[in-house]
Structures are given as structure tokens and as C-alpha cells.
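As C-alpha cells, the structure follows; a few thoughts come after it.
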Amino acid sequence: MTAPAYRHAVPEEATTMTTSTTSPARRTAARAGRRVLLALGLPVLLVVLWWIASANSTNYYFPPLSTILDWFRQLWLGNKFGSDVVPSLIRLFAGFAISVVLGVAAGVALGLTDALRRGAEPVLEFVRAIPPTVLVPVIAIFAGIGDSSKILVIVSGCVWPILLNTAEGVRAADEVMVDTCRSFGIRGFARLRHMVLPAAGPQIAAGLRQALSIGLILMVIGEMFAATNGLGFSIVQFQRTFAIPQMWSGIILLGVIGFVLSVVFNLVEKRALGWYQGQRESQKRNG
Amino acid sequence: MEDTITTEPMVRVTRLKKVYESSGRRVEAIGDVTFSVARGEFACIVGPSGAGKTTLLKCLAGLLQPTSGTVELEGTPVTGPPPGMAVVFQEYGRSLFPWKTVQQNIDLPLRQKGLPRPERERLTAEALTAVGLADVSRAYPWQLSGGMQQRVAIARAVAYEPHVLLMDEPFAAVDAQTRAELEDLVRSLWKTLGITTLFVTHDIDEAVYLGERVLVLSASPTHILEDVPVGLPVDRDQVTTRSTAGFAELRARVHRGIQDAKAGRQSTAQSIVGTAQ
Ligand SMILES: Nc1ncnc2c1ncn2[C@@H]1O[C@H](COP(=O)(O)OP(=O)(O)OP(=O)(O)O)[C@@H](O)[C@H]1O
Ligand SMILES: [Mg+2]
């Protein structure tokens, strides 16, 4: 084996290279398998416990898990998928996407212009302090009960963490990097694209993560308040008609959606910000 | 050299003064500095820590507005970063873009210049070969050692094809062995490309070894103490050049200049203490 031309981002490869005879690919697979097992271990255990504990439950409010899962299959994998789950997800993605565009644009503007930021800061702090949930009835008054109203609810909560994190990340741009751009004539849109936004990337990602979980909550609450379909609407509907196992199945679905979104987010983040992870690891190794 | 009177110097600094003023505190970093650098010259600027070397270099690069005085590049006053200049910063780790590969880092300034793709690829490849990093063009800066990162920064500056190359203590943070290698690299780049080079350092030996001329700065408020021509042969070698009598003499001369400056500062400091008591 030839010596690596440059330091590897994964240090253990160098240390095990001489002793281990298994191929790196197989070891990577084994490691990935172990990670999956670890990640799934506790959830599986909890489900099994729930299953056993609730197996012969006669408590009206806590039906057996088997009943709940039965309903889950009938409802959410049945026709409610198209009529309720899909509209909810579309609202969530639309609201999230609009928030990203607005939040990043405004955040960059605030981060780059000191005067603007100082002027806007008190207002931002005030608006941010209002729990987005109290805006739900207000928004319903002037935006009606259609899709745009639900999306507006999501945006009203999602946009703030994205905006504030972006502004912070942009403002913290390294002085040497700023000078580097200036001396090489990297300015305007190119500066934004090649320096400002990537440098703020890790902080923006933190904002997006917060926004995603806020968005999911607001999606449900918006639909609970005034809607004709959607996940939140369905869950409230079940609760009001005392369809308890159906209600539980909806709650489980929400949990699953939240989990899947977070996994997808992590994958995207890992791809987009791989450099950040690598840089941090190399800094840790070199002190 | 008869035509030195008629030819424009590459860089001309006239009565440069820089005062930092922030929240009532006033720091006179550069007192009064005047010098010029000829086309194709390799000049080293040496001065003690805090002498205002970085401040001077930033004024030259158009990154900092001087309080008074002027900087001219090829006869044109510098008011902002001029296109014909490239800077290698001391903090290479913060100067390279960690989200770009080595090759992309070098390519970006060329793209900004509006060069066509084949031209950019040629310049990038040539610069990487010149600094001995042709095989890591796809690596990210953080996968490289400190010395290699500084090589990338040098390659980026060289590929930019500047008329003047400014370097601010570029090797202060690397180990002695790497430092010697990088010094020879800079020397050989200068010899083959003929770029006018201004090299800032606090290391007297480095200044004498690298430069064709050494400008010795005083402690701030900075002025130029001495302007020492280095008459060493163009081909230099870490071992033989550094052990010649000529080298020792130059080194001693620069040393004395700095020591005198320090002594001057200390005596004023003592007199201040004396009057306070
Ligand atoms: N932005 C600033 N605001 C106020 N004072 C500054 C600023 N930058 C530098 N100074 C002061 O100006 C003087 C010269 O600083 P400068 O960084 O130019 O010195 P230097 O010779 O590069 O030092 P070193 O060898 O440590 O790099 C110092 O006294 C420093 O404290
Ligand atoms: Mg400095």
C-alpha cells in the first residue's frame, strides 16, 4: 500500500491498516450495521414494552398497541394518506421553503449591514418573543382557513430562527477571509455565494433545524384550529368523537414524520457541510 | 542602472502615516514611512513585534486607508485593493476557504478575473506544480499540513499573476524544516517568475536570506531605520549562504539597527518612568 498523499479525515484507517486483514469496505459496513442497531435498539425495546404492557388493556384511553397499529394501517396507509397526510406535508414544505428564502435573504441583509441590524434588533427581539401559536387565531381571521393561512402560520414561526441564525453567521465572517476576498476582487454576488453563505452555513443549518421542528408543531396546530383536512385536523376530529385508538395512531404518525424529517435533514446536512465536520475533526486532532 | 531615474518604481510609498482611533484610544501605528520598490525587486520588511508591519502591508494592499500619505502602484494611487496585487496572509488557516478544494481555492480568484476555463485550468495546474502540490489538488485545505496549506495560499497568489506579491509573515506558524523549504520555494518562484515581492517578517535571518534588500522598521510609531541592500549571490542555499561571512555581516548590521531602535525606545521609556516618579 502506498502512503497516503495527504492526511486522512478518518484517523482509525491509518492505525488499523497494518494489523487488520478485513477489507475497509467490509469494516465500514460492519460499523454502519452496528450504528443502525444502536439507533434502533431503544425504540424497539420501548415498542415491545408498550406492546406487552398494553396487550390486555381495557382502559378506554390507553387501548392495546395492536389495536392502535391496526388503525394506523387502515387509516394512514389507506385513503387518509392522500386526503390528509399529503396536504399536511405540502403545507409544511411550502411553509418551510418560504421561511428559508425569506429568513436567509433577510438574515444576510441584516448580517452584512450593521446599521440595518442595529435598527431592526429590538423589533426582531419583540417579534421573536411572541409565541407563534398565539398568532394562529389572528392569522385565521385575515387569511381565512385555506392552505395559505396554514402556510402563513408555519412561516410566522419558522422564519425567525433562520433569520437570526443567518444574520449571526454572516456577521461572524472571519476578518482574514473578508480581506482575502477584497484583495482578490471577490465581491458582490460571487462573494455572497463563495464566501458569505458557506461561511455562515453551519449556523444557518442550526437555524434550519430549529425551524423544522417548529414548523411541524405549527403545521399541526394550524390545522387543529381551523381546517377541513390534514393531520392536525384529523387528530382533533378523532379526539372529539372519542375515537381514541385512531387518535393515538395519528400521534404515532406525527412522531414518525418528525423522525424521518430529522434523519433526512441530517443526511442533507452531512453532505452539504461535510467540510465543516472534517475541519473540526482535523482541528481536534492537531490541537 | 541608468534607467532607474526614468522608470517608474513598482511601488512607491510616500510619507505614510496610520493612526488607529477607536473609542478614545489613539494608537499611532505608522509614523512616517517613505520608500519605493523597483520592478522585479525582492524586498524584505523586518521589524519587531507590534512594529506596524501588518498595518503597513494592509495599507499597501489597499485594505486599509492610511491616515495620511500615499501608496502608488505603477504610478497609480492605491485607494482600494488593486487588481495587480496578491496577498499571502499570515493566518493561512483562515485565508483558504475550507469548503473548497485546493484546486477550487486557486480557481476562484481567476474566475473573478473573467479568465476562460482552459486558461484557469492551466494557471492552476502550473501554480500547483510550482509549489509541489500537483497531487493534492482535490484535497480540502484542512486535510493538509500547515506547511502545505501555506503552499496552497502561495499557489493561489502566484496563479493570480500579480505584478506585486505581498507576504505577511507567511512562515511564522510552521516548523523550522518546513520554513526552510518554503523560503527556498519563495526564492525560486521569484527567480523564475520575476514578480516584485514584498516580504514581511520579524526574523532577521529570514529577511537577509530571502531579500535583495532589507528595510528595517523601528518600533511604532514606525519609520524606516535602515535600508540595507543585500549583495548576496542570486542563487542561495540554506547551508552555504547562511554560513558565509557576507551573510553574517548583513545579519549583524540589521541586528544592530533593531537593537539601537530598542535601546532608543527603552531610554525614552525610562525617562518617562523617571519623570513620573
Ligand atoms: N485595528 C486596530 N485598532 C487599534 N490598534 C491596532 C489595530 N491593529 C493594530 N493596532 C496596533 O497597531 C500597532 C501595530 O500593529 P501591527 O499588527 O501592524 O503590528 P505587527 O508589526 O504586524 O505586529 P506582529 O509582529 O505582532 O504581527 C500595534 O500597537 C497594535 O496594537
Ligand atoms: Mg503582523
Side-chain angles (χ1 to χ4, degrees), chain A residues 2-14 114 169-170 172-205 268-287, chain B residues 54 57-58 60-64 78 80-102 104-114 133-146 148-149 152-153 156-157 159-160 162 164-166 168:
Chain A
T2 55
Y6 48 85
R7 290 188 201 170
H8 273 283
V10 190
E12 54 260 52
E13 236 158 49
D114 256 1
V170 167
D174 191 287
E175 189 194 329
V176 178
M177 218 166 259
V178 171
D179 276 350
T180 303
C181 281
R182 283 186 65 201
S183 74
F184 283 117
I186 302 163
R187 53 182 111 76
F189 181 70
R191 191 176 112 99
L192 194 66
R193 179 175 156 210
H194 295 290
M195 196 275 279
V196 174
L197 283 178
Q203 183 106 38
I204 294 176
V268 173
E269 187 187 26
K270 211 169 173 179
R271 260 195 79 84
L273 294 176
W275 64 267
Y276 182 62
Q277 199 72 30
Q279 189 188 36
R280 283 205 349 193
E281 272 166 24
S282 87
Q283 271 165 2
K284 232 181 281 165
R285 249 176 299 133
N286 303 327
Chain B
T54 300
L57 198 112
K58 279 192 175 172
L60 292 181
L63 295 169
L64 207 59
V78 169
M85 247 183 212
V87 186
V88 175
F89 293 92
Q90 179 175 345
E91 304 92 343
Y92 49 77
R94 289 157 60 197
S95 166
L96 297 171
F97 302 114
W99 47 87
K100 288 184 180 294
T101 63
V102 165
Q104 290 167 340
N105 263 288
I106 300 172
D107 184 63
L108 181 61
L110 308 182
R111 242 161 79 177
Q112 283 318 106
K113 261 188 170 180
L133 288 182
D135 53 339
V136 297
S137 63
R138 281 151 185 275
Y140 286 89
W142 39 266
Q143 291 174 310
L144 307 176
S145 69
M148 285 164 115
Q149 289 181 32
V152 176
R156 179 171 64 182
Y160 195 61
V164 177
L165 178 59
L166 303 177
D168 185 9

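Letters A, B, ... mirror the listed sequences (proteins, then strands); counts begin at 1.
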Part of Asp174(A) lying under 4.5 Å from any heavy atom of chain B: side chain
Segment of Arg280(A) engaging chain B (4.5 angstrom heavy-atom cut-off):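 The answer is neither part of Arg280(A).
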Interatomic spacing from CG in Leu108(B) to SG in Cys181(A) - rounded to 0.5 Å: 7.0 Å
Exercise: identify the closest heavy-atom pair between Ser183(A) and Leu63(B): N-CD2, 4.2 Å
Would you say [X] and [Y] make side-chain contact, with heavy atoms under 4.5 Å?
X         : Y         : answer
Pro98(B)  : Met177(A) : yes
Asp179(A) : Phe89(B)  : yes
Phe184(A) : Pro162(B) : no
Gln104(B) : His194(A) : no

Whether Arg182(A) side chain and Pro81(B) backbone form a donor-acceptor pair below 3.5 Å: no
Check: Met195(A) main-chain N/O paired with Trp99(B) side-chain donor or acceptor under 3.5 Å: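 Here the side-chain-to-backbone pair does not exist.
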Side chain / backbone / both / neither for Leu96(B) at chain A, heavy atoms under 4.5 Å: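 The backbone, not the side chain.
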Portion of Lys113(B) that has a non-hydrogen atom of chain A nearer than 4.5 angstrom: neither
